[in-house]
Amino acid sequence: MKNKPKLQNPRGTFDILPPNSYIWKHIQNNLSNIAELFGYSPIATPIIEDSRLFARGVGEVTDIVEKETYTFQDRGGDLLSLRPEGTAPICRSYLQNGMHNLPQPIRLYYNGPFFRYDRPQAGRYRQLHQFGAELIGDSSSTTDVEIIQLAWNILHSLGIKNIKLLINSIGDSNCRANYINHLKKYLTEHINLLSHKECINRLETNPLRILDCKNESCINLTQNAPTSIDFLCEDCQGHWNKTKSLLGDLAIQYNVDTTLVRGLDYYTKTVFEIVPDTEGQQNTLAAGGRYDGLIEQLGGSSTPAVGFAMGIERTIEIMQTQNLLDTPKIAKKLTIAHVGEEASQYAMQLAQSFRQKSIVTIVAPRNRSLKSQLRFANSILSSHVVIIGESEIHNQTLLLRNLNTKEQQELDIKSAINQISK
Ligand code: ATP
Ligand code: MG
């Protein structure tokens with residue numbers, strides 16, 4: 001093209017084109033199949049939600065709500081947001097649809113686009129795609145481990161190697177306040193070493209988030225900070241020990257990372273991430289944890305829950321670096337070439353007979369010479385061509401040409417179907 005077209009896709013978004021779109025489809029099918037093997041059902045919630053859902057459900061002092069959410073007023077004056085994540089909408093739906101009255105726990109999975117005004121770069125987009133699962137209504141550590149096992153199995157099923165599981169426990173409403181006081185005290189004592197402005201503010205608003213800051217001065221400072229696992233109450237300690245021993249039973253290796261946090265009140269106990277096992281790489285593939293306080297925060301009664309979300313773009317990127325993306329196999333394709341007006345009409349009916357037998361069938365473009373239609377069939381990598389004209393319609397036959405062997409036969413439809421399906 002001479003000039004770049006004026007209209008381009010927005011920054012931080014991309015088109016998923018064939019043949020890559022088949023890779024996406026394959027991966028998404030694979031993830032759904034595994035989630036369903038674990039007994040999870042698909043759920044889909046709207047792309048737009050009341051903005052207040054995210055302020056409450058994702059937390060006013062998170063990156064997402066502070067600076068990443070796309071929020072707008074619609075023509076009726078309602079303040080809406082494009083969903084930046086999947087957990088809060090699912091909890092809204094759980095409450096709104098009375099899922100708490102169904103047998104608990106509820107197991108749900110989702111897959112779809114999310115929107116964040118992030119700085120576009122490798123592994124970071126403004127329209128991103130996540131696959132995730134939520135297990136709502138069970139407080140046992142076995143469910144934390146089930147969610148981790150699901151995320152772990154999914155990444156392994158795609159053949160991804162060299163990944164590691166990081167886990168931590170951030171306690172609950174009984175013990176976290178005490179821990180945060182100790183953390184705050186430590187950070188305040190060393191405030192002269194804290195050069196990162198954003199984190200100086202976080203000292204008041206959300207000190208836990210300083211632990212997970214990627215700024216060098218913060219990393220240095222937090223290395224010797226008190227850790228949440230040293231402050232767990234009896235219940236959280238028991239849950240933490242059980243979670244680790246269950247992971248051990250399943251031979252899922254983990255590293256305890258005491259700087260792994262979720263900066264919000266409703267996150268409790270287990271938090272985890274699955275990351276590439278490469279030094280210095282920040283691209284978390286999947287992240288999750290227990291959020292026993294969220295449903296209550298959204299107006300329901302206290303309901304334990306645990307879940308995770310994985311980024312599809314980052315998953316595909318790591319698969320690419322590990323050479324795991326095969327060019328998708330192109331299905332056997334039949335093109336119907338037609339000569340004359342009557343045949344081009346009949347081609348539509350004939351195509352239907354092949355499709356009913358699961359043969360991928362395309363009718364060649366109208367008003368072109370037979371030669372040009374055959375060229376078209378070759379260009380779209382058809383395996384077979386059926387040629388019909390007046391006499392074939394009259395005799396209820398067709399000419400079948402195998403484009404690989406160049407063999408051509410006159411057959412009835414049934415025999416043609418058998419030949420192509422071979
Ligand atoms: P990060 O620290 O990388 O910003 P996050 O804590 O914002 O990640 P979560 O909200 O936990 O990420 O989302 C779960 C997963 O979704 C991440 O582990 C990542 O794989 C993916 N993800 C998050 N933000 C983006 C983005 N802007 N573009 C692509 N993938 C993303
Ligand atoms: Mg982020």
Side-chain angles (χ1 to χ4, degrees), residues 9-14 16 24 27-28 31 53-54 57-59 61-70 81-91 109-134 147-148 150-152 154-155 158 160 163-168 170 198-199 202 206 208-215 218-219 257 259-264 266-267 270-278 280-291 294 306-321:
N9 60 311
R11 216 160 97 78
T13 70
F14 54 90
I16 306 173
W24 276 72
I27 291 176
Q28 283 164 331
L31 308 188
L53 173 65
F54 300 113
V58 182
V61 289
T62 56
D63 279 350
I64 294 181
V65 169
E66 277 184 334
K67 50 186 196 219
E68 293 178 0
T69 307
Y70 281 90
S81 295
L82 300 184
R83 59 182 193 182
E85 58 96 48
T87 304
I90 288 178
C91 290
Y109 76 86
Y110 61 89
N111 182 8
F114 295 88
F115 302 84
R116 298 182 186 184
Y117 195 78
D118 232 336
R119 193 166 71 79
Q121 56 195 288
R124 213 169 271 291
Y125 303 93
R126 289 183 173 171
Q127 175 169 338
L128 56 131
H129 296 79
Q130 285 185 344
F131 175 92
E134 314 291 350
I147 280 286
I148 294 174
L150 174 58
W152 192 248
I154 279 177
L155 290 166
L158 297 171
I160 299 172
I163 48 176
K164 61 183 178 190
L165 167 66
L166 308 176
I167 57 169
N168 192 22
I170 55 171
E198 217 170 325
C199 280
R202 284 174 178 161
N206 198 344
L208 274 185
R209 277 181 69 202
I210 302 176
L211 291 177
D212 132 89
C213 182
K214 309 288 186 278
N215 182 289
C218 305
I219 293 176
D257 178 348
T259 64
L260 199 65
V261 291
R262 289 278 178 279
L264 294 161
Y266 51 76
Y267 280 105
T270 314
V271 290
F272 72 94
E273 283 188 8
I274 301 179
V275 297
D277 196 4
T278 358
Q281 205 155 348
Q282 298 291 353
N283 279 352
T284 300
L285 295 168
R290 178 162 281 287
Y291 52 94
L294 176 55
V306 59
F308 82 95
M310 65 183 267
I312 306 287
E313 288 82 1
R314 293 188 196 176
T315 304
I316 290 181
E317 278 156 29
I318 194 172
M319 287 177 76
Q320 201 151 28
T321 58

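Numbering of ligands and ligand atoms starts at 1, following listing order.
- Close contacts of ligand 1 with Asp118, meaning ligand atoms under 4.0 Å from a residue heavy atom, involve 26 (C), 27 (N).
- The shell of residues lying under 4.0 angstrom from ligand 1, judged by heavy atoms, includes Arg314.
- One finds no salt bridge joining Arg314 and Glu273 here, because no Lys/Arg side-chain nitrogen approaches an Asp/Glu carboxylate oxygen to under 4.0 Å.
- The option with the heavy atom closest to atom 12 (O) of ligand 1, from among Gln130, Glu317, Arg116, is Arg116.
- Counting heavy atoms from C-beta outward, Thr87 and Ile90 have side chains that stay 4.5 Å or more apart.
- For ligand 1, the polar-atom distance check finds an N/O of Leu285 within less than 3.5 Å of one of the ligand's N/O atoms.
- Close approach to Ala287 involves these atoms of ligand 1, each under 4.0 Å from a residue heavy atom: 11 (O).
- Contact detail for Asp212 and Thr259: the closest heavy-atom pair is CB-O, 3.8 Å.
- Ile318 is not listed as a side-chain neighbour of Asn283, based on a closest heavy-atom distance of 4.5 Å or more.
- Surrounding OH of Tyr117 are at most 12 heavy atoms belonging to other residues, nucleotides or ligands under 6.0 Å away.
- Checking Arg124, His129, Glu313 against atom 3 (O) of ligand 1, the nearest heavy atom belongs to Arg124.
- For atom 29 (C) of ligand 1, the candidate residues are Gly123, Pro84, Ala286, Pro120; the nearest heavy-atom contact is made by Gly123.
- The aromatic rings of Tyr125 and Phe14 sit perpendicular to each other, their planes meeting at more than 60°, with 30° as the lower class boundary.
- Between Phe308 and Phe272, the ring planes lie tilted relative to each other; the angle falls in the 30° to 60° range.
- Each of the atoms 17 (C), 18 (O), 19 (C), 20 (O) of ligand 1 lies under 4.0 Å from some heavy atom of Thr284.
- Of the polar atoms of Gly311, at least one N or O is found under 3.5 Å from an N or O of ligand 1, judged by distance alone.
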